[in-house]
> 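Here it is, the structure in full.
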Amino acid sequence: MIRGIRGAITVDANEEKEIVEATERLLQEMVKQNDITPERVASVFISATQDLTAQFPAKALRRLDGWTFVPVTCMQEMAVPGSLEKCIRIMMHVDTERSQNEISHIYLEKAKNLRPDLIDKQA
C-alpha cells in the first residue's frame, strides 16, 4: 500500500548550495528512519516557501544513490499562517506494508508540523 512520509526543514540562507544541502539532510533522515529504497518510492513532492527558489531542492534527490529515476515534483508554496519562513517540505509516497502510524515523520531544525494528526511518536 502507498503511504505518505512527511518531512520539513528550515533553511537559514537563500544560496543554492545551502538549500540543496538542507534538503539532502532531510531526505537522508527520512530514508534512514524509514528504511526506504528508491524501488519502493512511488513519487516525491518537494515544496519550498516563496522566499526560496523551488527548483533547487530537486537537485538533492538526484544526489542520492539510485534515486535518479524517482518521479519528483517541485514547486513553491503559498505562505501559511503560523508556518516558518524559508522552509522546505517533502511528501514521499512509498509502497510499504507498514501502517501510517508506524512511519516516522521527520521535522528538522525547528520546522513546524502543520499536520497535528501526523506528529511523530518519537518526537
> Which distance, rounded to the nearest 0.5 Å, do you find between the CZ of Arg3 and the CD of Glu97?
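Output value for this atom pair is 10.0 Å.
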
> Looking at residues at least two apart in the chain, or sitting in another chain, which of them share a side-chain hydrogen bond (donor to acceptor under 3.5 Å, both in side chains) with Glu29?
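Counting only residues at least two positions away or on another chain, Glu29 forms a side-chain hydrogen bond (donor to acceptor under 3.5 Å, both in side chains) with Gln33.
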
> So which atom in Val70 and which in Arg62 form the shortest heavy-atom distance, rounded to 0.1 Å?
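Taking every non-hydrogen atom into account, O-NH1, 3.2 Å.
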
> Could you give all pairs that pass the side chain to side chain donor-acceptor pair (under 3.5 Å) test and reach residues 63-75, with sequence neighbours left out?
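Of all non-adjacent pairs touching residues 63-75, those that pass side chain to side chain donor-acceptor pair (under 3.5 Å) are Glu24-Arg63.
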
> Rounded to the nearest 0.5 Å, how far apart are CD1 of Ile9 and CG of Leu108?
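The CD1 atom of Ile9 sits 5.0 Å away from the CG atom of Leu108.
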
> Could you go step by step and tell me if Glu109 and Arg25 meet the salt bridge (Lys or Arg N to Asp or Glu O under 4.0 Å) rule?
CA-CA 11 Å; Glu109 298 179 13; Arg25 280 198 310 276; 2.6 Å; yes

> Using 0.5 Å steps for rounding, measure from the CZ atom of Phe56 to the NZ atom of Lys17.
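Between Phe56 CZ and Lys17 NZ, I get 13.5 Å after rounding to 0.5 Å.
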
> As an exercise, state the distance from SG of Cys74 to CD1 of Ile88, rounded to the nearest 0.5 Å.
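Result: 8.0 Å between the selected atoms.
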
> Can you tell me how far CG of Asn34 sits from OG1 of Thr96, rounded to the nearest 0.5 angstrom?
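Rounded to the nearest 0.5 Å, the OG1-CG separation comes to 8.5 Å.
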
> Which pair of heavy atoms, one from Ile2 and one from Ala42, lies closest together, and at what distance?
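Minimum heavy-atom separation between Ile2 and Ala42: CD1-CB, 4.0 Å.
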
> So, Thr49 side chain and Cys87 main chain: donor-acceptor pair closer than 3.5 Å or not?
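Present.
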
> With Glu16, which residues qualify under salt bridge (Lys or Arg N to Asp or Glu O under 4.0 Å), at least two apart?
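Result, salt bridge (Lys or Arg N to Asp or Glu O under 4.0 Å) vs Glu16: Lys59.
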
> For the residue pair Met30 and Ile5, what are the closest heavy atoms and their distance?
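Closest approach of Met30 to Ile5, heavy atoms only: CE-O, 3.4 Å.
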
> When you measure from the side chain of Arg40 to the backbone of Asp35, do you find a donor-acceptor pair of N or O atoms at a distance under 3.5 Å?
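Answer holds: yes.
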
> When rounded to the nearest 0.5 angstrom, what distance separates NZ in Lys86 from CG in Asp12?
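It is 8.0 Å, given to the nearest 0.5 Å.
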
